[in-house]
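Residue indices begin at 1 and follow the sequence shown. First listed ligand is number 1; within each ligand, the first listed atom is number 1. Computed from a prediction, not measured in an experiment: that's the story for all the values here.
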Amino acid sequence: MLEKVNHIAIAVPDLDAAVATYSDTLGAPVSQKQALPEHGVTVVFVELANTKVELLEPLGEASPIKAFLDKNPSGGMHHICYEVADIATARDRLKAAGARVLGDGEPKIGAHGRPVLFLHPKDFNGTLVELEEVR
Ligand code: CO
């Protein structure tokens with residue numbers, strides 16, 4: 001069911017500072033900022049040859065990463081995103097296996113314009129898992 005790692009996401013308290021760290025200190029190409037109000041985050045992608053790193057900053061008071069940053073004030077690894085061919089089939093299989101799908105269980109459109117879902121970290125060894133449909 002899982003295909004490639006699409007990206008690894010890091011929550012950051014200050015996106016401009018994180019962009020400077022990745023572009024200037026680490027010498028990596030970083031995308032333009034993208035506000036995703038439906039997800040409560042502003043994101044950039046660090047574009048590497050084999051995968052991407054998503055840097056997430058809270059957007060709005062109800063941001064789902066606010067509590068995470070309260071616990072991890074300097075930022076931290078937030079989720080890993082795997083590609084799947086068919087997100088509805090993946091969701092149904094995971095629910096049948098007892099995994100908890102976050103939100104209302106319906107895919108939302110993610111940062112790449114593709115459907116995404118998040119899975120409860122307690123069902124996946126303490127790691128928040130994002131699934132993204134790639135075709
Ligand atoms: Co993500």
Side-chain angles (χ1 to χ4, degrees):
M1 181 169 69
L2 298 186
E3 300 190 0
K4 294 177 179 171
V5 172
N6 183 276
H7 60 269
I8 296 157
I10 299 173
V12 304
D14 180 338
L15 191 54
D16 290 328
V19 167
T21 299
Y22 273 82
S23 57
D24 302 342
T25 310
L26 295 171
V30 180
S31 73
Q32 290 299 308
K33 278 199 237 182
Q34 193 181 351
L36 300 173
E38 194 183 354
H39 295 276
V41 292
T42 303
V43 306
V44 299
F45 285 93
V46 181
E47 314 268 1
L48 303 175
N50 62 341
T51 192
K52 297 180 278 289
V53 176
E54 177 180 44
L55 304 176
L56 302 162
E57 180 185 62
L59 176 63
E61 283 307 303
S63 175
I65 66 169
K66 191 179 176 306
F68 180 91
L69 282 168
D70 288 343
K71 278 183 249 161
N72 304 277
S74 58
M77 244 202 74
H78 185 262
H79 66 265
I80 183 163
C81 177
Y82 299 109
E83 297 180 356
V84 295
D86 181 327
I87 203 161
T89 301
R91 176 200 54 203
D92 294 346
R93 175 174 162 171
L94 287 159
K95 283 174 95 168
R100 286 166 283 183
V101 177
L102 300 187
D104 63 7
E106 289 307 312
K108 289 183 178 171
I109 297 304
H112 305 113
R114 306 291 308 168
V116 301
L117 278 176
F118 286 89
L119 308 175
H120 201 297
K122 289 210 168 106
D123 297 334
F124 296 95
N125 305 101
T127 304
L128 178 61
V129 171
E130 179 180 15
L131 299 179
E132 180 170 319
E133 184 174 278
V134 289
R135 57 181 176 275

**Message:** Does the plane of the ring in His7 sit parallel, tilted or perpendicular to the ring in Phe45? Use 30° and 60° as the thresholds.
**Reply:** perpendicular
**Fill in**
Of all the N, O or S atoms in His79, the one nearest to the Co ion (ligand 1) is NE2
**Message:** Can you tell me which N/O/S atom of His7 has the shortest distance to the Co ion (ligand 1)?
**Reply:** NE2
**Other residues, nucleotides, ligands: >12 heavy atoms within 6.0 Å of Lys52 NZ** = yes
**Item:** Opening angle between OE1 in Glu54 and OE1 in Glu130, taken at the Co ion (ligand 1), to 10 degrees
**Value:** 170°
**Prompt:** In a check of side-chain hydrogen bond (donor to acceptor under 3.5 Å, both in side chains) between Glu54 and each of His79, His78, Gln34, His112, which one passes?
**Reply:** His79
**Item:** Shortest non-hydrogen contact between Gly98 and Asp123, atoms and distance
**Value:** O-OD2, 4.2 Å
